[in-house]
Structure formats: C-alpha cells, structure tokens
Amino acid sequence: MAVSMRDLDPAFQGAGQKAGLEIWRIENFNPVPVPKSSYGKFFTGDSYIVLKTTSLKSGALRHDIHYWLGRDTTQDESGTAAIKTIELDAALGGRAVQYREVQGQETEKFLSCFKPCIIPQEGGFSSGFKHAEAEEHKTRLFVCKGKRVVHVKEVPFSRSSLNHDDIFVLDTKSKIFQFNGSNSSIQERAKALEVVQYVKDTYHNGKCEIAAIEDGKLMADSETGEFWGFFGGFAPLPRKTSSDEDKPLDSHSTKLFGIEKGQLEPVDAGSLTRDLLETHKCYILDGGFEVFVWMGRNTSLDDRKKATAAAEKLVHGPDRPRSQITCVIEGFETATFRSKFDSWPQVTNVVVSEDGRGKVAALLKRQGVNVKGLLKADPVKEEPQPYIDCTGNLQVWRVSGNEKILIPASDQSKFYSGDCYIFQYSYPGDDRDEYLIGTWFGKQSVEEERASALSLVNKMVESLKFLPVQARIYEGSEPIQFHSIFQGFVVFKGGLSKGYKNYVAEKEIQDETYQEDGIALFRVQGSGPENMQAIQVDPVASSLNSSYCYILNSSSTVFTWTGSLTSSDNQELVERLLDLIKPNVQSRPQKEGTESEQFWNLLGGKSEYPSQKIARDAESDPHLFSCTFSRGNLKVVEVHNFDQDDLMTEDMYILDNHSEIFVWVGQQVDSRSRLQALTIGEKFLEHDFLLENLSSKAPVYIITEGSEPPFFTRFFTWDSAKSSMHGNSFQRKLTIVKSGGTPTVDKPKRRPVAYGGRSAVPDKSQRSRSMSFSPERVRVRGRSPAFNALAANFENPNARNLSTPPPMNRKIFPKLISSDSAKLSVAKSSTLAALSASFERPPPAREAIIPRSIKVTPEPTKPKPETSNNDKEIKDKEKENNSVPVRIETLTIQEDVKEGEAEDDEGLTIYPYERLKTTSADPISDIDVTKRETYLSSEEFREKFGMTKDAFYKLPKWKQNKHKMALQLF
C-alpha cells in the first residue's frame, strides 16, 4: 500500500513507538489526543480511537486499534473514527488489527485494557451535551456482568431494575452495596467486587464503607435492611425482562463477500479456503455476531476505507443480530479469523516488507519526529533461566512393566531412549519442601509403560495431597528446568525395561541398546554446565553437524570432534560430558577438516552433513485461557492482559508460552476435574487453538493453587499471600476490599528463590550446583559449593580423566585480619594436612540411631570429648590467625550420611511398611508404637515420606504427625 503525507493525520505522528495505551477523541472530524489522566473516562456522546502497543519477545511491536462508539455519538463521528483508524494503521505500517467497539457490546480484549471496568458518563463534544461537572453525590445503580472482564451499565435506580440473575452495585453517599443475585456465579461476584473497589477509589477517594448483600437473606442483618431501605423496603423481585443483550446469538452460516466498487458480491465456493482471498482485493467474512474485513496487502487506502464502510452498512441492515467488526491485514490474520476457514496453510507466502513502515518513518523523521518505534527493534536476547532452586534432592526411577526401579545416584542422569522414567525433585520452599514430580518418555518407549509411568506418578502426587507440581516431558523437548536439575544429561539408544525388550523381540528388530565396547556417536549440546546434554545418534558421518561438538567412542578409543561453527564454551561441555560417558580414557581431539583416517573409518567413511543448528521451539509471549472440560470436549476462552487476580480458585486455566503448557488448578476445583488436568493440557496441544503450530510433545505442567513454582509465577506480578487465602473467590476478594487492598496471609510469603542456590538473578557461572567430574567420586546433590571446593583439594589428579579441565578451587576460609601472608599460608597448609590425615583414618564406630523426640527438660551437660593432637594443632592455628573454627570433619560425616544413609539403619531392626501400619493384618508387636516410622529402611522411608529421615525429624512435631497419620503410622 502506497503511503503519502496526505494519509497521515498530524495527531498520529510518533504514535505506537513504545508499549502502552494512546487514546484520541474525535472532535470536529479530527482525532485529538486525550490526556493520560483521562484514560478510561469515556462519554456516551463521543467516539474514540484507542491504540494498544505491545512489545514482543521477538523485538517487534504489535498494534491493536480499537475505535469506540458511544451510545449517543453521531453517525458522522462514528464514520470518522472508522476512517481515521484506517489511516492510523497506515501510519503504523499496515499491520494492526482493528476492532469496532460499541458501548455496551465491547470486546473482552478492549475492556481488559481498562481493568477493572469502564463506566461511560453522560455528555459529548459535538452531540450537544455538556460533560458532567462535579456536583453533590448522586445515588446510582449499576448492573455488572462477566466472569473474566466486567461489563458495567448504569440502570434506573429502582427496585424493578433488580433481578435474581445479575449482580448490582448501589453507590450511595456513604456506603457502596453489592447485591448478589441468587443465580449469579461466585466468579461473577468476585469480579463485581473489583468494580466496587473502582467506584470507591474513583468517586469516594477510597473512603467509604462496603457491604455485600445476598439475595434471599431478607432482613437478616442491619446492612441488608439498610440496602432495602433505599428501595422503600423489601418486596419480591420481578422476573428478569429479556433485552437484546441477553438474547442468545442465533446460529448464522458463514458467508464470504468480495467488495466491488463499495458493493458486496457473494463469493461462490463449496468450502472456505485461503486460496479464495486475492492480495489486491478486500473481503468481508460474515459470521453473524463476528464480522471480519480482510484487506489484501496490495490494496489502496481508499479500497480499505470503502471495505470498512461496507461492513458498517452490513451490520446496520434490517433483522441483523448485534455484531462486532474486526479488520485484519493479509499476513497478520488473527487465529479466530483463520479458524473460520476449512483449510489455512501454516505458512502463507506473503511478501511482507518494511517499505511502508520505512517510508512513514522517513516522512516523520524529516519533520523532527522520533521514529525509533516505527522500525523493528532487535530481538531481546535473553539467556533462558531455570527459575528453580537447583540445590535440592533428586530421585529417579526407571519404569519396567508396571513397576518402578530406583536408579543409583551415579546413573541418575543416564537415560535410554526406549525407556520411561519418573523423577522426583524436592527443594526448600517457604514453609515446606517443594516438589516437582514428572515423567520422561523416550522416543522409542512403548505406550504401555508410558501409561504405567503416568499412573505411578498420579499416585505419588495424590499421596502428597496434590501439592507437587507434575510434569510430562518427552525426549527432545526437555525444558530448561529439567536440564538445570540434572546438570549433565545423556540419552543412550535402546532401552533396559521389560517393555522395550518385549517390543524388540515381538517386532524382531535389532536391539540398538548402547554397549560400552561398541561404536557410539554422541552429539553434545547446551548453553552451559547447568544445561548440557549428550544425545546418542547413528554412528555415521551424516549425523555430524558443523554447529555442534561430538564424542565418538569405540571399545578402546575415544574421539572428540569439534565443528567449525562451535565456540570454546561448546568444547568445554564435551570435556565435562566425557566423564559421564567414558571416564578414565584419554580422548583424541579432532577438528572439522583435519580428521584422521581412523576417525572416518569408525563412521563408515566420509559423507556430506549439515551445518545449521537444529531448531527448537522458542518461548513466545504468554497467553492465558480459562477452560472447561466436559464429555471429552475442551472449551477455552482467552483472558487478555491477564494478571494474578484473573486466576479464580473455582476454575482451571491454561498458560501457553508456545514452548511449555501450564495447567493451573484452583483449590475449589472438584476432584474429578482435578484428575483430568493432564488430559486437558494434552487436548489443548492437540487442538492448537491459536494455530501457532504447537508441538504435541511440548512439556505440560500441572500446578495446584498455593504451590505455584517460580517458573510459573514469573509470568505474573505475583503475591503469594493471595494464593494462600482461604475461601472462594468472592470471599477472598471481599476480605481484600474490606481490608483496604491487603490480603490476609495464611502462611509466610514465599521467600525469594536463589536460583542455583546463590542469587535471584544469577550469572552464568552461578546458576548450578557445584559439580565434580572426577570418575572416582559421584556427585552428591545438596552439598554446598564450599564443601565441593574443599573436596577438590583431596582428589588424586592422576585418577581424574585427563580430558577434564582441573576443577576450580574456591576460597573456603574466612578472610584473616592479618598482614602476614606467610602465616596465612602456613595455617592453610597445616589445616589441610590435618584434615587429610583425618580423612585417611578409619571412621569411629557409630552409635545406634535413636528416634528423635521433643525434650521438655534441658539435657544434662555432657563431658567434653578428648581432643587429639591434630585438633589441638588446628585450634592453635585458628587462634593465631583470628580465624573462625572450621569443622570440616563433622561436615563430611553429615554429608555422607545424607547421601548414602546406610548408617541410618545400624542398630535397628527393619520391618516392611505393610506390617508397621496401624491397620496391618500381621502387625509387629515388640516395637515402640509411637515411633513406627523408625523401623522402615532408609529406601522405603524415602519412598513413603518423600524425604530422608534426617529431613523428616527437622519438621515440627505437628507436621511429622500429619505425615504419619496419612501413612497410617500414627
């Protein structure tokens, strides 16, 4: 579309350059900017243009233009608003979506820009009315409708306006009453309270009383009597009279019209397809309530104005239902518009240039206008963050048939593509441990074991009262949280489970399960030590890619191959992952273009291979949907410009950011719907409501209200106190409104999470748990960075994989207030020598563990143990250097117990859980019945309680009893 200066109204110069709202009112057929202080204030006799600019993650700006027509606006003003909207779109480059908004019939998208509501005032600029001036308060009655956004309409102050189906707000001089019709929903009542708060702040300066009146309570309390007193006393309410707004929308067959010389010409076609739309024409798609104007990229400004006028004429025709008009530009159609067609290609071959926008920018720049916002900004380059505390404890099980087999800590990060896995990750929360329990499905895993894995996980989540976040993850679509938890992840070909072995035998296909003495090729990928993976691929040259590094191993040789497009960071990941795949073997580096003949022979010879990175779904701007699921059918409605207050405890919501799906389940949702949460998430992926080509393998999270993890709350301005409140949505909101906007806290607010255990906004080197890559020592989860750094001093450098870079030595001693650096060196050397000697001594025999109990009386003073010469020497050095004593030996014992826990069972007789239960058919008699849990083995204790014995006895007594009662051990 050609752009000239005559197309640009001076009022639109510089518009849409930054995110936010801009509003113009039509005055004498011209748009006049509205002061920001008057945003949200509309007059019934006026027409307005509202521009909403949104900054996208891609760096581009998205524009939505709404033109609002007041009830009493003139036809000339409404026509001017429609034409000026077309001109504004031209000034923005011809890409905006345009919405016609009629007072009382506004779209939810428009109303969401002015939360909680708009209350149009009488008056207008050119309609002969005068804007209402400040005067003595007048008692008014409003009706409120809507669960997601609220349509507010002033109605006559009369008893006849009330009914049992709607919610009404009575605004008096000293008090605001909310009358809840007996047939209204809890969600509608909660949303109406936001209107009450708005009226209080806008018309009473935040100072007046608030009362909620329930329909049917008659004169049960003084406030109810006071309310009915304004209506001359109580009397039965009349039956609601139907209005045009309440009439159901009649089914209307969708029709497509072309526009020739401003007239509608029906398009004859058996079915609606994208091919019917020509780029040099405009069309109208009439769906009854929804009317769309489609404008081809090569249409003129005059053609677009005529198309809009034709649509206006259509919706004002006789016997027409109330309609909403939306104008879309070729290449920028909304999902709703595309869904009206029987077929719409995922990618349309439309040449979209920056010429139009560039010409507009050039014209404005010559006039001295800042045009930065008219040109596409550079994409925002953000390194993905895990948004989860990475210092917790991890357990992993392999699913084999209907059973789950616990995997040793040393092999927790080694998965097989033919198997299914269950992982449970616990990390410290504000007043309890938080849990993430999920399934991982390999690409070659069988359906039976996938179903078994989901069933087992459901039982685990249910046993923890649905508090854990549940995740469903497929191989190749793992989110950043998953990799940050595992910190080094290897996927081997084949499988070890019964299901995979049976599948291979039944299909009589070759078992590709990884063998250490065979030839295997691994592609290394990731952005850092906290996010690194090695994926086994076919051992052929075509599997190589110049953008990646690879590990090639045979029975006796290991090669590392570095692609020409990789960085030093990529090469460092290879060295780290070698310790997981082939420890204790010296690797032979190969650079792309200088490979040895033996390297190519292992791959079966040279061949061509790609050079571009494998594309993965990137995170996009989030969308929130409220959802209902009935009889296998999923219905979703988008919640625009959402915030935390849009999450109602009675409902379920889906948050979609393209790369992940979150299903949020309110506390008041019934148990049957709660159990269908994963099905709802999968149905959402299947239907792809936004037509954004969602992957059916995208990760799905199930999140229960009150247990929201940081990687979910990051999409909101989150107040954990709100999600911790009791009662339904209306009761919670009423408490907040009456308390002046402060929610009642039922538990401490969630503390800021130090992702990676260090800082809320960590740098790349701080986001992961400290790791040691020595093959002689398995990484222990939960150990502090200081402990790992100290342990690195005792490793045998000859035993370390020669391909692994030396571990970083961090200072673990406090800074000494001394100017003599030689003394400091002596102190450290002596300390390390003493500690090394203590590590070589056999550990002393441990006493049998006695169950912990709360002691009422203080413990008697115990005699101090004898101090060894080594200990005395350490203390002397510490004293000499004013240093804080360092109890590393004690720390070592505690760390080792936490990891292995074999010592927990010494001195105790172990019994199976089934015999320890209070309801057991074969109970144990000679035990302390108040401490049944202490007779469980460490492994079974962790499985039942979801934590170690040590962690359990750190809980308050009432929480211990709560866990025991749930497991029938109390």
Side-chain angles (χ1 to χ4, degrees), residues 8-26 31-43 46-68 81 84-101 106-120 148-150 194 198 201-202 326-327 329 332 334 357 360-361 364-365 368-380 382 620-624 638-646 657 714-718:
L8 301 176
D9 193 293
F12 295 145
Q13 292 185 2
Q17 296 186 35
K18 59 183 179 180
L21 283 177
E22 295 171 83
I23 304 177
W24 297 263
R25 182 174 59 200
I26 303 300
V32 177
V34 173
K36 290 187 181 296
S37 59
S38 296
Y39 281 11
K41 184 184 295 184
F42 295 87
F43 292 91
D46 288 333
S47 297
Y48 295 81
I49 296 176
V50 177
L51 170 62
K52 173 69 185 299
T53 303
T54 305
S55 179
L56 305 179
K57 284 185 174 292
S58 62
L61 295 175
R62 185 186 70 209
H63 298 105
D64 294 297
I65 308 175
H66 306 260
Y67 59 101
W68 185 87
K84 290 299 180 181
T85 296
I86 299 289
E87 294 180 9
L88 175 57
D89 173 53
L92 297 170
R95 303 180 182 188
V97 180
Q98 304 155 40
Y99 303 87
R100 175 179 177 267
E101 310 285 354
E106 297 89 350
T107 63
E108 292 192 1
K109 190 180 186 75
F110 175 78
L111 291 177
S112 69
C113 297
F114 302 97
K115 288 184 177 180
C117 65
I118 62 171
I119 302 179
R148 291 171 294 275
V149 293
V150 188
E194 296 180 5
Y198 172 80
D201 295 337
T202 306
T326 303
C327 302
I329 309 297
F332 300 92
T334 63
R357 188 173 297 212
V360 174
L364 297 179
K365 188 174 182 179
V369 178
N370 182 2
V371 297
K372 181 179 179 181
L374 287 179
L375 298 176
K376 183 176 179 180
D378 293 331
V380 180
E382 295 181 355
S620 64
D621 297 275
H623 296 266
L624 183 69
E638 184 169 4
V639 181
H640 301 283
N641 299 311
F642 62 86
D643 55 31
Q644 183 183 356
D645 289 334
D646 290 312
N657 72 341
R714 68 189 179 97
F715 297 105
F716 303 81
T717 301
W718 195 261

Exercise for the section: Under the side-chain hydrogen bond (donor to acceptor under 3.5 Å, both in side chains) rule, collect the residues that match up with Glu101, sequence neighbours excluded. Expected result: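 Once residues adjacent in sequence are excluded, the partners of Glu101 under the side-chain hydrogen bond (donor to acceptor under 3.5 Å, both in side chains) criterion are His66, Thr107.
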Handout entry: Exercise: identify the closest heavy-atom pair between Val150 and Leu111
Key =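 Val150 and Leu111 have their closest heavy atoms at O-CD1, 3.9 Å.
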Exercise for the section: Please lay out, stage by stage, how Asp643 and Thr717 fare under the test side chain to side chain contact (heavy atoms under 4.5 Å, CB included). Expected result: CA-CA 7 Å; Asp643 55 31; Thr717 301; over 6 Å; no
Practice task
Please list, chain by chain and in numerical order, all residues satisfying side chain to side chain contact (heavy atoms under 4.5 Å, CB included) with Lys36, sequence neighbours excluded.
Solution key: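 Lys36: side chain to side chain contact (heavy atoms under 4.5 Å, CB included) contacts with Tyr39.
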Exercise for the section: Check Leu61 against Ser55 and note the closest heavy-atom contact, atom names and distance. Expected result: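 Closest pair (atom of Leu61, atom of Ser55, distance): CD2-CA, 3.9 Å.
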Exercise for the section: Indicate the atoms forming the closest heavy-atom contact of Phe42 with Phe114, along with that distance. Expected result: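 Scanning both residues, the minimum pair turns out to be CZ-CZ, 3.8 Å.
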Exercise for the section: Kindly write out the residues that satisfy side chain to side chain contact (heavy atoms under 4.5 Å, CB included) with Cys113, not counting sequence neighbours, or none if the list is empty. Expected result: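 In terms of side chain to side chain contact (heavy atoms under 4.5 Å, CB included), with neighbours along the sequence ignored, Cys113 is linked to Leu21, Lys52, Asn641.
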Handout entry: Heavy-atom side-chain contact between Phe110 and Ile118 under 4.5 Å
Key =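 When only atoms from C-beta onward are counted, Ile118 and Phe110 do touch, with a gap below 4.5 Å.
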Problem - Nearest heavy atoms of Glu22 and Thr53, plus distance in Å - result: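 Result for this residue pair: OE2-OG1, 4.4 Å.
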Problem - Exam field: side chain Glu108 to backbone Val639, donor-acceptor pair closer than 3.5 Å - result: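 It does not hold such a pair.
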Exercise for the section: Mind checking the CG-NE2 spacing from Asp89 to His63? Nearest 0.5 Å is all I need. Expected result: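 The CG atom of Asp89 sits 9.5 Å away from the NE2 atom of His63.
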Practice task
State which residues pass side-chain hydrogen bond (donor to acceptor under 3.5 Å, both in side chains) with Glu194; sequence neighbours excluded, sorted by chain then number.
Solution key: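 Listed in chain order: Lys191, Lys733.
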Handout entry: Asp621 side chain vs Asn657 backbone, donor-acceptor pair below 3.5 Å
Key =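 Such a contact is absent between Asp621 side chain and Asn657 backbone.
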Problem - Contacts of type side-chain hydrogen bond (donor to acceptor under 3.5 Å, both in side chains), residue Asp645, not counting sequence neighbours - result: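 Asp645 satisfies side-chain hydrogen bond (donor to acceptor under 3.5 Å, both in side chains) with Lys722 only.
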Practice task
Check ring pair (Phe, Tyr, Trp, His ring centres under 6.0 Å) between Phe716 and all other residues, then give those that pass, not counting sequence neighbours.
Solution key: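 Applying ring pair (Phe, Tyr, Trp, His ring centres under 6.0 Å) to Phe716 gives Phe642, Phe712, Trp718.
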Exercise for the section: Output all residues satisfying side-chain hydrogen bond (donor to acceptor under 3.5 Å, both in side chains) with Trp68, sequence neighbours left out; order by chain, then residue number. Expected result: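 If we apply the side-chain hydrogen bond (donor to acceptor under 3.5 Å, both in side chains) test to Trp68, skipping adjacent residues, the hits are Glu106.
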Problem - Atom NZ of Lys41 with >12 non-hydrogen neighbours under 6.0 angstrom - result: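 Open.
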Practice task
Could you list the residues that satisfy salt bridge (charged side-chain N to carboxylate O under 4.0 Å, His left out) with Lys84, not counting sequence neighbours?
Solution key: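 Salt bridge (charged side-chain N to carboxylate O under 4.0 Å, His left out) check on Lys84 returns Asp9, Glu87.
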Problem - Non-neighbouring partners of Arg62 that pass side chain to side chain contact (heavy atoms under 4.5 Å, CB included), sequence neighbours left out - result: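 Arg62: side chain to side chain contact (heavy atoms under 4.5 Å, CB included) contacts with Thr54, Leu56, Asp64.
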Handout entry: Validation row: Leu51, Leu92 side chains within 4.5 angstrom (heavy atoms)
Key =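 Touching, per the 4.5 Å side-chain cut-off.
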Handout entry: Beyond-backbone contact of Tyr67 with Ile65, side-chain heavy atoms, under 4.5 angstrom
Key =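 The answer is no, as the side chains (C-beta and beyond) never meet within the 4.5 Å cut-off.
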Problem - Considering all heavy atoms, the nearest Pro31-Ala11 contact - result: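 Answer, listing the atom of Pro31 first, then Ala11: O-CB, 3.3 Å.
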Practice task
Could you check if a side-chain atom of Lys109 sits within less than 4.5 angstrom of a side-chain atom of Val97, using non-hydrogen atoms only?
Solution key: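 No, too far: nothing below the 4.5 Å cut-off.
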Exercise for the section: Please report the closest heavy-atom contact between Leu88 and Ala15, naming both atoms and the distance. Expected result: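 Minimum heavy-atom contact is CD1-CB, 4.2 Å.
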